[in-house]
*Asks:* 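Here you go, one structure.
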Amino acid sequence: MKPFICFALLSYLISIPATLAAKEPDPKLASLLQQGAQALLVEADSRHNNFKDQTITVRMTLHGGADEGKSIEFESMTKGDDKRAFHFLSPAEMKGMGVVIRGKDEIYVRLPDMQKVRRVAAHAKRQSFQSSDWTFDDMGMIRLSNDFDAKLLDDKGEFVTLELNRKPNVDLMYKKLVIAIRKDQLLIEKIEYFDDGGKKIKVQERAGLKEEPAGNWMYRTITLKDLTTGHSTVNEVLAVKVNSNLDDDTFSRRWLVRGL
Amino acid sequence: MASAQVIFDYRGYIESDLRFSIPGKDEPDDVSDFRFVRSDNTARLTATLSGDAVRAVADLAVIFTGRPETTTADDLVNRSKVDPFRLESDALYVSIDDFIAPGMDLRLGRQIVRWGTADMFNPTSSLNAYDFEDPLKFGEAVATEMVSLTYNIPWSVEGEDSTIVDDVTLSVAVVPYFRPALLPESALLAFSEPSLFNQFVDSAILKGLLVEQDLFLAAGGKAVYDIDVQTPDLSVRNLQVGARFGMSLLGVDWSISYYRGFDDAPRAETIVAGDIRLPKVPLASPTDTVAVLKELDFTGVTVDTHVTMTYPRVQVFGADFSTSLDFLGGLGLWAEFALTLHDDLYRYVRTSGAILPVGGPNGTPVSGVAREYLELEAEAGPFWKLTVGTDYSLTAWWYVNIQYLHGFPDEFGETNLNDYLVAGSDFKLFRDQMLIRLFAILQFQDLSYVLYPQLTFDFWQNVDVSVGAFVFGGDSDSKFGSRVTGPSTVFLKGRYSF
């Protein structure tokens, strides 16, 4: 009897930390749910972009297919909602390449071998980002609330599930997204992408949530899987810097020309 | 003053490029259809040292050509002849950001400055001469020593939904030394094979003289051309300058530019043929050239013709734009227009005079009259070149690019411009590890063409291997069918990047 009681007590003690560890919902959640799904989405967008500017170093590794294990390292700089810049560090054939994206349709590319900064038209956003499962559109979806209308699907368990439907006149290849927002941090941990035919084509899952020194929370590992091909891309954030007063110049042709 | 941290960075590659010619193009009878035409092996390094607002860039390539240049015994003990190589550099400059004023960037030294929004064919880009040496790299430029200053004007206007005005820049450049275009080896065939010279004849006088040359050659004679190239001297008067103003306005990037300098392709300014000593006294009058040429046998007789090539002074006014059309699915659209002004271009031509053999009529040698002409090759005035293009991604793996050209890069003068269609398509397969590229150029006037299929494999990190062909087609006197543009080739290239 005694061993059983000890075991039961031990089990209870083991279970208590899990229960205690059950994260409390964010204090704003109830109020946001009352305001509606869109309000919750806007808040989640703000939590993900809780900085004036951000510089991250990313290692992108491809899995599945003949390019298994191929990795690309780049620096990604973001300022506001509509300015992004990429500077490729490896592999060697991409070293020195730079991309600036402003707004939805202004894309400039620096290819060192070409001695020129070239404007790339918006159609190129359909192409994959450096052979990965990401497209330029995916990389540019900074605030989902700008392009999608949200509808509450479910709020049981640790996540709130929203269905996002593409707004009229928005030129994105995904008609619908289904996202899972963590109740404790109000951060998006999973995104399912649906095409115009309603077929689920991609899934993005985020892990390694960590509080950064600047006080913002960030997922350190993002996996995007293409359900059609079975191929996946894992983005690991190697370094983060926020609110470093990135100059607007970084998101200009001048920044790209300097690299030539 | 605290010392700034200096960052050293580099990139480079090692590349092998093997090509051989294939039949199908007009070639001299004694030339084998299949022969190796290139075996370049290149090691290239681009190094950058950068501090706070300064940067030094050095680019150097060593290219071993693989083709011995041994023709004498002395050459056999000369390594540079047995194993020749050359050096190339696309950049060797110092740049200073925020020079004198914020936003003002100065770049001093050897550099390539490309203006214009079009792909490869940029009629407004005149600061650097074209590098025509390698047809697979058409559109490349030769680096030139210059001073360039760009002022990024701190002016932007934000609208409600998007930026209205942004990226306003003013650039000026000064090029002290004129650098001519680098021509392909085959270009010299126009002078070593007189029958090819007629493809470049652009006046009635020269056309008439070429008829006489053909008769002379048919009668067993030999014509030898001696070419003298005169580049503009180094006086301040010959300084080349350029300026460009550009901005992004309502989603459209546009610019206007001006260049004053010289066209980078040479033209024949004087053609002086030596006199011919007739083998015997003709029955026809020595002044009736055609009759004399038809009557006599000129076997063993050589005419030396001295040609002086110069570079015409020009001013080029340019304008261009590029944009993305949302309502057409993000279709890319661009156009580049250049208006070139030049002075009157004269050409001095002296034909051969006929020298009668000793013992001519009355025992006295009499010279036939050499004719001299000063023809106006092109009247002072303008001509324009245009590139208009569009591109689109039909799918994530299929890309199309089409351009229309009025005036090829090597064409000069109102009467010498032709129209071209340049089209290409990329197919990316196996997650971009294989690229199939199909590229073609068609000239509308003579229907000659270029086909450029290429397959690139990128299955290995940092390495890509390409195989393809560069095929010329058309009549033997057409732009791309002529021997002067070089042979059709098949190539195999491999590159390791680091």
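Just the heavy atoms: all of them, side chains too, but no hydrogens, waters or symmetry mates, feed the values below. Lettering follows sequence order; numbering is per chain, from 1.
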*Asks:* Looking only at heavy atoms, which two atoms of B/Ser497 and A/Ala92 are closest? And how far apart?
*Replies:* O-CB, 3.1 Å
*Asks:* If the test is salt bridge (charged side-chain N to carboxylate O under 4.0 Å, His left out), which one of A/Arg119, A/Arg102, A/Arg254 qualifies with B/Asp167?
*Replies:* A/Arg102
*Asks:* Under 4.5 Å heavy-atom distance to chain B, tell me which part of A/Phe251 shows up: side chain, backbone, both or neither.
*Replies:* neither
*Asks:* Just by modelled atom types, is the B/Val113 backbone N or O under 3.5 Å from a matching donor or acceptor in the A/Lys116 side chain?
*Replies:* no
*Asks:* Please classify the contact of B/Gln433 with chain A as side chain, backbone, both or neither, using a heavy-atom distance under 4.5 Å.
*Replies:* side chain
*Asks:* Do you know which of B/Leu331, B/Leu333, B/Asp326 has the most heavy-atom pairs under 4.5 Å to chain A?
*Replies:* B/Asp326
*Asks:* Given a strict heavy-atom distance threshold of 4.5 Å, which part of B/Ala53 is in contact with chain A: side chain, backbone, both, or neither?
*Replies:* neither
*Asks:* Do the non-hydrogen side-chain atoms of B/Asn152 and A/Ser252 ever get within less than 4.5 Å of each other?
*Replies:* no
*Asks:* Between A/Met94, A/His231, A/Glu106, which has the largest tally of heavy atom pairs under 4.5 Å with chain B?
*Replies:* A/His231
*Asks:* Return the minimal non-hydrogen interatomic distance between A/Glu93 and B/Asn462, and the atom names on each side.
*Replies:* OE1-CA, 2.5 Å
*Asks:* Tell me, for B/Asp166 versus chain A, whether the close heavy atoms (under 4.5 Å) come from the side chain, the backbone, both or neither.
*Replies:* side chain
*Asks:* For residues 194-202 of chain A, tabulate all N or O donor-acceptor pairs below 3.5 Å that involve a side-chain atom, not counting sequence neighbours.
*Replies:*
from	atom 1	to	atom 2	distance (Å)
A/Asp195	OD1	A/Gly197	N	2.9
A/Asp195	OD1	A/Gly198	N	3.1
A/Asp195	OD1	A/Lys199	N	2.9
A/Asp196	OD1	A/Arg166	NH1	2.9
A/Asp196	OD1	A/Arg166	NH2	3.1
A/Lys200	NZ	A/Glu192	OE2	3.3
A/Lys202	NZ	A/Asp133	O	2.8
A/Lys202	NZ	A/Asp138	OD2	2.8
A/Lys202	NZ	A/Tyr174	OH	2.9

*Asks:* Relative to chain A, which segment of B/Asn122 carries a heavy atom at a distance below 4.5 Å: side chain, backbone, both, or neither?
*Replies:* side chain
*Asks:* Quick one: does any side-chain atom of B/Ser324 pair with a main-chain N or O of A/Ala122 as donor and acceptor, under 3.5 Å?
*Replies:* yes
*Asks:* Between B/Phe430, B/Trp115, B/Tyr496, B/Tyr399, which has the largest tally of heavy atom pairs under 4.5 Å with chain A?
*Replies:* B/Tyr399
*Asks:* Taking atom CH2 of B/Trp460 as the centre, does the number of heavy atoms from other residues, nucleotides or ligands within less than 6.0 Å exceed 12?
*Replies:* yes
*Asks:* With a 3.5 Å distance limit and no angle check, can you tell me whether A/His123 reaches the backbone of B/Ser393 through a side-chain donor-acceptor pair?
*Replies:* yes
*Asks:* Under 4.5 Å from any heavy atom of chain A, what part of B/Tyr392 do you find: side chain, backbone, both or neither?
*Replies:* both
*Asks:* Check each atom of B/Ser322 against the heavy atoms of chain A and say whether the ones under 4.5 Å are side chain, backbone, both or neither.
*Replies:* both
*Asks:* Considering only heavy atoms from C-beta outward, does the side chain of B/Trp334 approach that of A/Arg118 to under 4.5 Å?
*Replies:* yes
*Asks:* Can you tell me how far apart CZ (B/Arg11) and OG (A/Ser90) are? Round to the nearest 0.5 Å.
*Replies:* 14.5 Å
*Asks:* Is there a donor-acceptor pair closer than 3.5 Å between any side-chain N or O of B/Arg431 and the backbone N or O of A/Ser132?
*Replies:* yes
*Asks:* Is a side-chain N or O of B/Arg55 found less than 3.5 angstrom from the main chain of A/Arg258, in a donor-acceptor match?
*Replies:* yes
*Asks:* Which one, B/Thr46, B/Leu394, B/Asp119, leads in non-hydrogen pairs under 4.5 Å with chain A?
*Replies:* B/Asp119
*Asks:* Are A/Lys95 and B/Tyr10 in a cation-pi setup, meaning NZ or CZ lies under 6.0 angstrom from the ring centre and within 45 degrees of the ring axis?
*Replies:* yes
*Asks:* Measure distances from B/Asp59 to the heavy atoms of chain A and classify the residue's part below 4.5 Å as side chain, backbone, both or neither.
*Replies:* neither
*Asks:* Considering only heavy atoms, which portion of B/Ser248 lies under 4.5 Å from any heavy atom of chain A: side chain, backbone, both, or neither?
*Replies:* side chain
*Asks:* Output the option from A/Ser71, A/Gly69, A/Gly96 having the highest count of non-hydrogen pairs under 4.5 Å with chain B.
*Replies:* A/Ser71
*Asks:* Any non-hydrogen side-chain atom of B/Arg114 less than 4.5 Å from a side-chain atom of A/Val117?
*Replies:* no
